[in-house]
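One structure below.
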Amino acid sequence: MYYGYKISDETAALARRAEADCKEIFAKIDENALICSAKVLTAFQECNVSTADFIEVTGYGFTDSGRDKLEQVYAHVFGAEDALVRPQLMSGTHALWVTLGGLLKPSDTLVYITGTPYDTLQTVIGITGGSRNSLMSYGVKYEEIDLLSGKFDIEAIKERFSKSFVKVAAIQRSRGYAQRKSLTIDEIAEAIEAIKEVSPDTVVMVDNCYGEFTEDREPSEVGADVFVGSMMKNLGAGFAVSGAYCVGKKAVIEDIAERLTAPCIGKELGANFNQLASFFKGFFMAPSCVASTLKSMVFAARMLELAGFEEVSPRYDEKRTDIVQTVNLHSADRLIKFCVGIQKGSPVEAYCTPEPGDMPGYEHPEIMAAGTFITGATNELSCDGPILPPYTAYMQGGLTYEYGKLGVMKAIDMMLDRS
């Protein structure tokens, strides 16, 4: 018992062993957090962030200098020309839809070089869902190149992109619900180099969700024309209550902004709804929050391995490039119990019991556990998964390592019927 927080003696003993095994890895995570923090602090200072930048602007937002300053900071940190950081972008999926819609016209070709994207992007593209408003319904051509043993198929990429012009090449950094590893920045750099070698005018877009600040570089620093993510994940750090971002080349960001607002208006429109202070603060705290999340996931991986669940990815001592931890539990009952444990280890609605159900944009019944301060924020400890073999739990988040550790221990107790 941790001062009233009940954990079985067996799980507490397991936690001590796991934490001892993770010490060296934790030190490397802290080193990366320091590098990323230095980049953020330098950007705040060189962009002259002031308290005046936190002022609420209403109406059209034509004079929102704080909003413009925030976007300067994002671009500075990520070594890019421009950024679009807005509460009007409601999620990572929405930001990706706006990005692809801004870049692609009828008869243009989109190629995903990481195989089939995750469920909600499949409906955006038109692979599934049957929406009358998908990209394919507007005449956008879609192709995909599968990964080869979890890596980019460089030869297939060069062959396809040298054959006929592809307007947008898309890379999904994180695994989504695929049984593959997430992609490192070095791997992404190699793929971008291969594309640009044979098709320099192709726009390379990276879906960067879950990946920010897990390494010391981001996609724009290795040649991506634009990368996209959600502030409900890494860069919000539990402060941003909504929003998403796009960072990249100026001309690309202009096209995306016009898709979000209107032609010839672009970035000039959009009041901040009094969100700027939380957006600035979330971005400032993000390197530390991501470090805590990574530690929580490393700890979870080692705990699960020691408990006998060895099909974890990444393994506790593997290189990480996003904040997602998976484990194949091979049982619907175990998956459900694990998610129930995450919910019971949460600060909000811990009294609730999650159950599988249908979710918009997902093909199979899902179970989702997220007792979070901000609904859907996956930088707070959460866990979800589709109810189908191999019954994989997809876990992420942990605003602090301590809270992440406590939540993981509760989940293991629940799954092993120790509570």
Q. Regarding T116 and E144, is there a side-chain donor-to-acceptor distance under 3.5 Å anywhere?
A. yes
(Q) Could you check whether E187 pairs with K151 (Lys NZ or Arg NE/NH1/NH2 to Asp/Glu carboxylate O, under 4.0 Å)? (A) yes
Q) Do D64 and D68 have side-chain heavy atoms sitting under 4.5 Å apart? A) no
Q. Under 3.5 Å, is there a donor-acceptor pair linking the side chains of T378 and Q396?
A. no
I'd like a table of donor-acceptor pairs (distance under 3.5 Å, sequence neighbours excluded) in which one partner is a side-chain atom from residues 73-85, with atom names and distances.
from: H76; atom 1: NE2; to: E46; atom 2: OE1; distance (Å): 2.9
from: E81; atom 1: OE1; to: K250; atom 2: N; distance (Å): 2.9
from: D82; atom 1: OD1; to: K267; atom 2: NZ; distance (Å): 2.6
from: D82; atom 1: OD2; to: K267; atom 2: NZ; distance (Å): 3.4

Q.
I need the S331 OG to F309 CZ distance, nearest 0.5 Å.
A. 8.5 Å
Q.
I'd like to know if D322 pairs up with R175 as an ion pair, taking the criterion as any Lys NZ or Arg NE/NH1/NH2 lying under 4.0 Å from an Asp or Glu carboxylate oxygen.
A. no
Q.
How about NZ on K39, more than 12 heavy atoms from neighbouring residues, nucleotides or ligands closer than 6.0 Å, or not?
A. yes
(Q) Can you confirm whether the side chains of S131 and S134 place a donor and an acceptor under 3.5 Å from each other? (A) no
Q.
Is it the case that atom CD in E31 sees more than 12 heavy atoms from other parts of the structure closer than 6.0 Å?
A. no
(Q) Quick one about R320 and T214 (side-chain donor to acceptor, distance below 3.5 Å, no hydrogens or angles considered), yes or no? (A) no
Q.
Taking atom OH as the centre, does Y403 end up with more than 12 heavy-atom neighbours from other residues, nucleotides or ligands that are less than 6.0 angstrom away?
A. no
Using distance only, find each side-chain donor-acceptor pair of residues 301-308 under 3.5 Å and give its atom names and separation, not counting sequence neighbours.
from: R302; atom 1: NE; to: D21; atom 2: OD2; distance (Å): 2.9
from: R302; atom 1: NH1; to: E305; atom 2: OE1; distance (Å): 3.1
from: R302; atom 1: NH2; to: D21; atom 2: OD2; distance (Å): 3.2
from: E305; atom 1: OE2; to: R315; atom 2: NE; distance (Å): 3.4
from: E305; atom 1: OE2; to: R315; atom 2: NH2; distance (Å): 3.3

Q. Between F279 and F239, does the ring centre distance come in under 6.0 Å?
A. no
Q) Do the non-hydrogen side-chain atoms of P365 and D358 ever get within less than 4.5 Å of each other? A) yes
Q.
Is a donor from one side chain sitting under 3.5 angstrom from an acceptor on the other, for N272 and E56?
A. no
(Q) Tell me whether F165 at atom CZ has more than 12 heavy atoms from other residues, nucleotides or ligands lying less than 6.0 Å away. (A) yes
(Q) How long is the straight-line distance from CD1 of I125 back to OH of Y142, given to the nearest 0.5 Å? (A) 4.5 Å
Q. Per the side chain to side chain contact (heavy atoms under 4.5 Å, CB included) rule, which among V298, I323, N234 passes with T293?
A. I323
Q) Got more than 12 heavy atoms from elsewhere within 6.0 Å of CD, Q179? A) yes
(Q) Surrounding CE of M285 (heavy atoms of other residues, nucleotides or ligands, distance under 6.0 Å), is the total greater than 12? (A) no
Q. Is the number of heavy atoms from other residues, nucleotides or ligands under 6.0 Å of Y118 OH greater than 12?
A. yes
Q: Report yes or no: is the cationic atom of K410 (NZ for Lys, CZ for Arg) under 6.0 Å from the centre of the six-membered ring of Y5, at an angle within 45° of the ring normal?
A: yes
**Q.** Euclidean distance, L381 CG relative to S292 OG, rounded to 0.5 Å
**A.** 12.0 Å
Q. Does the pair K196/D225 count as a salt bridge with the N-to-O cut at 4.0 Å?
A. yes
Q) Is K105 atom NZ crowded by more than 12 heavy atoms from other residues, nucleotides or ligands, each under 6.0 Å away? A) yes
Q. What closest approach, in Å, do P219 and R173 show between heavy atoms, and which atom pair accounts for it?
A. CD-NH1, 4.2 Å
Q) Taking side chain as C-beta onward, heavy atoms only, is N208 less than 4.5 Å from Y245? A) yes
Q) Would D186 and R217 satisfy side chain to side chain contact (heavy atoms under 4.5 Å, CB included), going step by step from the backbone distance to the final call? A) CA-CA 9 Å; D186 285 342; R217 295 180 298 166; 2.4 Å; yes
Q.
Can you see whether Y316 engages E318 through a side-chain donor-acceptor pair at a distance of less than 3.5 angstrom?
A. no
Q. Measuring from D333:CG to D417:CG, what's the distance to the nearest 0.5 Å?
A. 7.5 Å
Q: Hey, could you give me the CD/OG1 distance between Q122 and T120, rounded to the nearest 0.5 Å?
A: 8.5 Å
**Q.** Smallest separation among heavy atoms of G376 and M232, with atom names
**A.** C-CE, 4.2 Å
Q: Would you mind checking if D201 and K167 are paired as a salt bridge, meaning a charged N to carboxylate O distance below 4.0 Å?
A: no
Q) Among all residues two or more places apart in sequence or in another chain, which pass the side chain to side chain contact (heavy atoms under 4.5 Å, CB included) test with S91? A) T93, H94
Q.
Keeping E221 on the side-chain end and E218 on the backbone end, is there a donor-acceptor pair under 3.5 Å?
A. yes
(Q) What's the separation between atom CE in M205 and atom CG in L104, rounded to the nearest 0.5 Å? (A) 9.0 Å
